[in-house]
Protein chains: 4
Amino acid sequence: MSGSTRRERVERREEAIVQAAHAVFSELGFDGATIAGIASRAGVAEGTIYLYFKNKNALLEAVVGRFYRQLTDGAASGVESLRGTRRQLEFLARHHLVNCLAHWRILELMMLLYGRVPEYGQDGYYRFNKTYVAVFDGVVRAGIDRGELEPDLSLAIVRDLFYGGLEYSARTQLLRGPDIDGIDVDAIARRLVDMLWAGAQRRPVAAGDDDSTVVDRLEAVADRLERLKT
Amino acid sequence: MSGSTRRERVERREEAIVQAAHAVFSELGFDGATIAGIASRAGVAEGTIYLYFKNKNALLEAVVGRFYRQLTDGAASGVESLRGTRRQLEFLARHHLVNCLAHWRILELMMLLYGRVPEYGQDGYYRFNKTYVAVFDGVVRAGIDRGELEPDLSLAIVRDLFYGGLEYSARTQLLRGPDIDGIDVDAIARRLVDMLWAGAQRRPVAAGDDDSTVVDRLEAVADRLERLKT
Amino acid sequence: MSGSTRRERVERREEAIVQAAHAVFSELGFDGATIAGIASRAGVAEGTIYLYFKNKNALLEAVVGRFYRQLTDGAASGVESLRGTRRQLEFLARHHLVNCLAHWRILELMMLLYGRVPEYGQDGYYRFNKTYVAVFDGVVRAGIDRGELEPDLSLAIVRDLFYGGLEYSARTQLLRGPDIDGIDVDAIARRLVDMLWAGAQRRPVAAGDDDSTVVDRLEAVADRLERLKT
Amino acid sequence: MSGSTRRERVERREEAIVQAAHAVFSELGFDGATIAGIASRAGVAEGTIYLYFKNKNALLEAVVGRFYRQLTDGAASGVESLRGTRRQLEFLARHHLVNCLAHWRILELMMLLYGRVPEYGQDGYYRFNKTYVAVFDGVVRAGIDRGELEPDLSLAIVRDLFYGGLEYSARTQLLRGPDIDGIDVDAIARRLVDMLWAGAQRRPVAAGDDDSTVVDRLEAVADRLERLKT
DNA sequence: CATGAATGAGAGTTCATTCAT
DNA sequence: GATGAATGAACTCTCATTCAT
């Protein structure tokens with residue numbers, strides 16, 4: 001039944017190729033990967049790949065695109081199924097961390113795409129990344145609306161800290177060793193969100209809050225005076 | 001005079017090669033760079049490079065090592081010249097951000113090293129990164145000691161958020177466009193530290209505690225001012 | 001009606017393929033042309049071409065054969081409709097020149113055939129070229145018979161000069177630029193025949209001989225005019 | 001002694017490569033030739049060829065250029081050593097014919113160059129061909145000056161007939177069979193020049209010369225009348 | 001009969017590395 | 001020490017030809 005029409009066979013083959021490319025790019029990077037390697041992994045001849053993709057760059061584009069789509073879908077559907085800003089953020093953190101650990105090289109390839117496919121660059125990256133990040137943005141905005149988060153929060157900064165923090169953490173783990181399974185993703189995600197939450201949650205406006213600023217200024221004055229002396 | 005001994009001539013040549021390699025790797029990436037290109041940029045013959053470095057990978061190792069050393073030196077000396085946890089952190093943020101923007105590709109190469117030089121990996125990365133990050137860790141620990149930061153803060157998490165947030169921000173900027181000069185590094189660094197500070201600072205357990213901290217710090221300033229007089 | 005029998009449909013398809021091949025070979029040369037390109041131009045699938053022709057070489061053979069047949073037919077029918085050696089030669093010159101300019105690459109392919117299809121070579125070329133050139137030979141022989149041309153003329157040499165001169169002229173024009181339409185084919189053909197005529201015409205052995213030829217020809221014209229009357 | 005300096009070794013190697021390329025291009029044509037084949041014939045590695053020539057096209061350019069230079073030199077020095085327009089022309093005819101027979105494919109490649117190397121085309125062909133053909137032009141002009149040849153001769157036409165005739169003759173011979181040695185180059189060259197000479201030599205202006213034109217016109221009238229009838 | 005997806009050999013080209021000078 | 005010419009393995013991509021549908 002399924003898979004017997006020509007159209008379906010073609011689609012399955014294309015998917016097989018992209019999957020193989022994903023795996024090989026992940027292992028060896030873009031330049032390290034070879035079309036021959038991808039082809040043999042996909043179970044097709046070298047030439048066949050060029051029936052589906054114009055060249056190696058186009059294949060990279062397809063791999064990254066597909067990955068981003070899956071990443072975004074996973075994030076969106078997870079968020080939808082959960083209630084509560086905090087729990088949604090923790091899910092997103094886990095989701096991102098898991099994917100970073102499993103597909104680190106693919107995320108790097110996205111950067112490569114920028115320099116390698118001129119007509120890509122801004123457009124391609126932006127399209128994919130914006131839709132992905134929009135899920136996070138939505139959660140944060142909802143948190144602000146519900147009064148859980150500071151209203152004049154800089155979305156850009158929280159986003160940088162959130163995704164950057166997760167990626168840096170993933171990178172450190174990966175560089176430590178290749179046994180991903182031993183990593184306690186849940187704990188990392190929870191603690192990272194904890195700290196971010198502490199910085200981003202709505203603070204009661206108290207009179208004493210401004211003190212630290214005053215002290216900072218005084219310290220700066222002291223610094224300057226010290227330097228004048230020497 | 002200077003540079004006339006054989007030893008010095010050799011060292012200058014080696015430095016020229018590493019510098020050239022840094023520049024070319026930065027522009028073209030590791031696989032995009034060619035030994036010929038690096039040699040011509042360094043003003044030496046291709047073969048000469050192999051007198052100083054076993055192969056292309058060793059050259060990469062040297063470039064990354066030198067970069068990390070400079071990065072660490074810059075961070076350490078900057079921190080030393082400043083007082084105040086907050087201001088030290090802001091300096092480190094600026095420093096890291098500036099270097100990310102200027103040498104992004106080199107930071108990527110570090111990851112490459114991991115997969116490309118098997119005997120590198122853990123060892124090399126750890127050695128360099130640990131010393132670099134130690135500067136940050138020192139500042140945070142001092143902050144905790146001074147009671148400015150939450151004592152049971154997870155250093156790993158703050159570090160991930162700090163460096164990860166900066167790098168994610170840098171990446172976004174770089175993907176947006178190649179004109180680095182238009183980026184307001186100061187503002188980004190300050191706001192990022194602001195938010196992190198909010199999440200990491202010592203939280204008032206009781207109303208009175210808050211005041212005592214302020215008083216403590218003010219007294220410290222007074223001390224310093226008094227010392228200036230004498 | 002026409003074209004509905006199986007036999008006719010097959011023939012039309014074969015003709016379409018050869019026509020497409022002619023066009024593509026003309027534009028891109030033999031090695032530059034692709035079966036895919038020819039197939040799409042002919043409006044058939046790639047595989048279909050192999051139902052009609054054993055391989056690319058056979059297709060080349062067919063194209064050259066068809067071209068030579070058309071060339072020969074055009075020459076023969078043109079000569080038949082004209083009277084007078086000189087005017088026939090001028091027609092042949094124009095005819096050859098026009099076809100050289102329009103189908104230069106195809107003429108080159110004929111040479112290719114020689115090296116590419118071993119069993120072709122002598123046989124194929126000779127068959128086609130002999131029948132084509134036979135038209136010219138006939139005209140020249142008739143001219144000799146009528147006493148207009150030198151009796152012990154070397155047919156081979158005149159032929160070489162005639163066709164060679166035209167082709168060399170065509171090549172020069174083509175190399176000068178691709179705008180064929182601006183070339184004054186008539187003028188070139190006429191002047192080339194003029195010069196050849198000067199070298200090939202019956203040379204007066206004595207003063208009287210010249211006159212008698214003129215008289216002979218005039219009488220022939222008179223005869224024809226008389227016949228028209230009746 | 002000779003050949004021991006680096007500079008000389010490089011020059012000998014370049015010459016060896018061009019020679020090998022000439023031979024292989026001659027045998028197999030441009031597309032039929034492979035870099036591997038040329039390299040092995042030249043006794044160098046494939047990569048070495050790319051030290052001397054940017055790519056296959058550049059190699060073709062070098063081969064054609066070198067051939068044309070040799071052709072021109074041979075023509076010029078031969079003409080210089082002979083006296084008498086007729087004998088000079090016969091020499092040029094022999095020279096061209098011999099070279100056509102020995103290097104036919106190379107002459108064809110020149111045409112290829114036109115379509116293949118865009119920045120070549122007119123310029124390259126013209127430069128080479130003009131200098132080559134200038135030798136012939138000089139001989140003819142001298143003949144006119146000496147009163148041996150018709151003063152209002154069209155140089156372009158004589159040239160087309162001369163070179164075209166020789167090339168057509170060569171082509172016919174080559175297509176007949178590959179045993180070049182059996183061809184009586186001298187006889188062909190002499191007879192071809194004979195005929196051209198007859199058409200181009202200065203003719204005594206006689207009253208009867210215009211007769212043939214008159215007859216032509218009468219024949220044309222007869223033609224038209226005949227056609228009206230049918 | 002017709003299709004067009006699949007094949008895989010083979011091409012041009014690059015470049016890290018070596019080694020005679 | 002320094003050079004840079006030489007190497008050749010390896011890569012990407014093309015395309016004539018086949019064959020299951």
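By convention in this document, chain letters (A, B, ...) are assigned in the order of the sequence lines, proteins followed by strands, and residues within each chain are numbered from 1.
Between D/Y50 and the phosphate of E/dT13, there is a side-chain N or O to OP1/OP2 separation shorter than 4.0 Å. The side chain of D/R13 contributes no N or O atom lying less than 4.0 Å from OP1 or OP2 of F/dG4. Between B/T34 and E/dC15 there is no side-chain N or O to OP1 or OP2 distance below 4.0 Å. Between A/Y52 and E/dA6 there is a side-chain N or O to OP1 or OP2 distance below 4.0 Å.
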Between C/R66 and C/E15, is a salt bridge (Lys or Arg N to Asp or Glu O under 4.0 Å) present by the stated rule, with each step listed?
CA-CA 10 Å; C/R66 170 173 166 280; C/E15 170 65 13; 3.1 Å; yes
Does the pair C/E61 and C/K54 meet the rule for a salt bridge (Lys or Arg N to Asp or Glu O under 4.0 Å), with working shown?
CA-CA 11 Å; C/E61 227 174 299; C/K54 205 185 101 217; over 6 Å; no
Verdict with reasoning, B/Y50 to B/N55, per side chain to side chain donor-acceptor pair (under 3.5 Å):
CA-CA 6 Å; B/Y50 287 87; B/N55 54 26; over 6 Å; no
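Residue order along DNA chain F, read from the 5' end via each residue's closest nucleotide, puts B/T48 first among B/T48 and A/G47. For the pair A/V10 and D/G32, both in contact range of DNA chain E, the more 5′-proximal nearest nucleotide belongs to A/V10. When each of C/A36 and B/E46 is assigned the nucleotide of DNA chain F bearing its nearest heavy atom, the one mapping closer to the 5' terminus is B/E46. Taking the nucleotide of DNA chain E with the nearest heavy atom to each of C/V44 and B/F30, the more 5' of the two is matched to C/V44.
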In dot-bracket, 5' to 3', how would DNA chain E read with Watson-Crick or G-U wobble pairs under 3.5 Å, [ ] for crossing ones and | for pairs to another strand?
.||||||||||||||||||||
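Within the 4.0 angstrom heavy-atom criterion, no nucleotide atom of any strand lies near A/A39. Using a 4.0 Å heavy-atom distance criterion, A/I35 is classed as a sugar-phosphate-only contact.
Atom name C1', nucleotides F/dT21 and E/dC1: the rounded distance is 13 Å, in whole Å.
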